[in-house]
There are 2 protein chains.
Amino acid sequence: MNRIALYHLETLLWIARLGTFAAAAERLNTTQPTISARVRELEGQLGYALFRREGRRMALTVRGRQLVRDCEPLWAALERALAAGNLSGATGVVRIGAGEIAAATCLPGFVADVETALPGVTLDISIELTARLVQDLLGATADLVFLAGPVAAPGIQTAGIGTVSLCWMASPATAARMAAQGITGAPASPAPIWSLPRHSPLHQVMIQALGDATTTLSAPDIRTCNNVRTLIDIVAAGRGVALLPEIMTREAVASGRLTPVWQVAGRGVEFQAAIRAEESDPIVLELFRRASALRIDAPS
Amino acid sequence: MNRIALYHLETLLWIARLGTFAAAAERLNTTQPTISARVRELEGQLGYALFRREGRRMALTVRGRQLVRDCEPLWAALERALAAGNLSGATGVVRIGAGEIAAATCLPGFVADVETALPGVTLDISIELTARLVQDLLGATADLVFLAGPVAAPGIQTAGIGTVSLCWMASPATAARMAAQGITGAPASPAPIWSLPRHSPLHQVMIQALGDATTTLSAPDIRTCNNVRTLIDIVAAGRGVALLPEIMTREAVASGRLTPVWQVAGRGVEFQAAIRAEESDPIVLELFRRASALRIDAPS
DNA sequence: GTAAATCATAGATGCTGCCTATCAATACTC
DNA sequence: GAGTATTGATAGGCAGCATCTATGATTTAC
């Protein structure tokens, strides 16, 4: 049954429209015996008769008419789908990967840019941890990723798109308690530190910042969660402090759920767009070019 | 491009689902080189690349992924459409023809019967004059027709389904005027007669009825209209009298728009269902069987 | 009755799709 | 790091199929 070709259906539709095999043959630039043969093949594949002799012409059977009716819209849609790839304009499904912070900072602007400039391009967005993003990119599960921290894996081509500033955050209650205990430089017990998982670049930055300021403190109490939004909720609930991207906490700070407890000295975390080094698809390259032009620190 | 067969698309979809050519080959009960060849053919027909080497596997290109996404639902719909004809149940599009009176008397019950008993059957209904119905039936433009009057054309198989009683009708004002003039047997001027066109069986019956009762009258004034509903409206507006099927005027009589002026002597007009004599399609035959069982005079 | 129109059939031909048997490249494993 | 498994590509051979031209059979029209 799957040996039916598109021209079999096209033939059926044209016979139905024009009424005779000969007319369909002319329309399809072929001969009448070819049309007969195609109908015979189609009927053989389907296992039932499509036409019935009616005088000197052929009339559609009940099932044949049903098939014509069913196939008419499907045929048109299929023709369009198959022809879509030949359009000169950029068309396709591009899989975008992004870390959670990158998703919050880069994606809104990027998606808006792509939708206006390249309306034929459909984005499949997947939010993952940085380590997984690199894996997806190399494994061809993603075409373009936004990730945190300088990544220097072989076979990856990157472009910096700016930095996000980080800030130690806590709930107002926790901050007051820490101030009462005289902790002004860096957090310590009894306020535990919450962070992204240990393999995350943000975690490394946090350890770095911690080392700069707390050489004299004992090993800090670090707990992890792989989701920044959840991290914010935890800290806002007074369960500890966390080094959070400023851009994702603005709302919570404005509403009084969070308050900054200590400004970090460093320049924050660098974000970058990345594609495979050997990427050749013009659409992905164009999207990478546009992604590289993003500046996530500019609008602040 | 139309040389693409369904198995090409099926192959593409299974590769996309299973990830490798080899897995798709096993799923499709064929060999891996065959899958490679099919992909090559498909890409050749489409004119653009669907896959790109990625390590030792193949990854979909942006366009390829787009095609997979577009084809997935179309493929399923097409498979369903093609398989529909092989279902054991009756499925198909049957073209029904009917005269206007038959449409009013037979079709409601017939359609209800078919929709409950044969839900897979779709009816295409066309209302035409009797002469045209016979022509449609013989020309294979209709599969089953309901028509008035005993039709004895060669190549047609009929079954009587009852008679409709006829009645001379007029508006109450016209009826009163006729009564005042002492016309009790049959209508005459100044109330003109309205009728269906001259080739219609109902017109013949009307002439017959007229002849029975008005041998002494001069040639009556006969006007025609090819639409019974319009005929009713004309008569109700006081423009004349007409020999109308009782079943179609019940409502107008009940509402006082029409009133019977003289009961006709004959048994009315016989209606019948008809198919081509050499009809072989089991669905049409089944529908004819069901149509023959109708009794349009029974429910009265 | 003749002519035109419609579809079917037959034979020839070129192409296409499939299979078996290999090769090449890559990833995994000990 | 060597061996092995996996993945897809290639080559050769073969069968089948779609197409064409030429012709036949049947029906409709004039």
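Naming convention: chains lettered A, B, ... in sequence-line order (proteins, then strands); numbering from 1 in each chain.
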* Counting just side-chain N and O atoms, does Arg38(A) come under 4.0 Å of either OP1 or OP2 of dT19(D)? -> yes
* **Most 5' of Ala37(B) and Arg40(A) on DNA chain C, judged by nearest nucleotide** => Arg40(A)
* Thr20(B) has a side chain; which of dC7(C), dT9(C), dG8(D) sits nearest to it? -> dG8(D)
* Record whether the side chain of Glu41(A) comes under 3.5 Å of the base of dA18(D) through a donor-acceptor pair of N or O atoms. => no
* In whole angstrom, give the distance that lies between atom CD of Glu26(A) and atom P of dC20(D). => 14 Å
* To do: Specify the separation, in whole Å, of atom CG of Leu18(A) and atom C1' of dT6(C).
  => 14 Å
* To do: May I ask you to say whether Arg65(B) pairs ionically with Asp143(A), meaning some side-chain N is under 4.0 Å from a carboxylate O?
  => yes
* In whole Å, what is the span from the CD atom of Gln32(B) to the C1' atom of dA11(D)? -> 13 Å
* Asked: So, is Thr30(A) near the phosphate of dT19(D), with a side-chain N or O under 4.0 Å from OP1 or OP2?
  -> no
* To do: Measure from CD on Gln135(A) to P on dA27(C) and round the result to the nearest Å.
  => 13 Å
* Structure fact -> When Arg3(A), Arg38(A), Glu41(A) are each screened for side chain to side chain donor-acceptor pair (under 3.5 Å) with His8(A), the one that passes is Glu41(A)
* To do: Can you tell me the distance, in whole Å, between the CD1 atom of Ile35(A) and the C1' atom of dA18(D)?
  => 12 Å
* To do: Measure from CZ on Arg57(A) to C1' on dA4(C) and round the result to the nearest Å.
  => 14 Å
* **Atom pair distance, as rounded to whole Å: CZ in Phe21(B) and P in dT26(C)** => 16 Å
* Answer yes or no: is there a side-chain heavy-atom contact under 4.5 Å between Ile96(A) and Val111(A)? => no
* To do: Would you classify Ala22(A) as touching base, sugar-phosphate or nothing, given that sugar-phosphate means primed atoms plus P, OP1 and OP2, and contacts are heavy atoms under 4.0 Å?
  => sugar-phosphate
* Asked: Taking only side-chain nitrogens and oxygens of Thr31(B), does any of them come within less than 4.0 Å of OP1 or OP2 of dC18(C)?
  -> no
* To do: Could you check whether Phe51(A) gets within reach of a base, just the sugar-phosphate, or nothing at all, counting any heavy atom under 4.0 Å?
  => nothing
* **Distance in angstrom units between Asn29(A) CG and dT19(D) C1', rounded** => 14 Å
* Asked: Which nucleotide sits closest to the side chain of Arg3(A): dC18(C), dA8(C), dT19(D)?
  -> dC18(C)
* Asked: Do we see a donor-acceptor contact under 3.5 Å between the side chains of Arg57(A) and Thr20(A)?
  -> no
* Using heavy atoms to find the nearest nucleotide of DNA chain C for Met58(A) and Tyr7(B) separately, return the residue whose nucleotide is more 5′. => Met58(A)
* Nearest-neighbour nucleotide for the Pro33(A) side chain, dT6(C), dA8(C), dA9(D) considered -> dA8(C)
* Where is the tightest heavy-atom contact between Leu9(A) and Cys71(A), given as atom of each residue plus distance? -> CD2-SG, 4.1 Å
* Under 4.0 angstrom between Thr34(B) side-chain N/O and dG17(C) OP1 or OP2 -> no
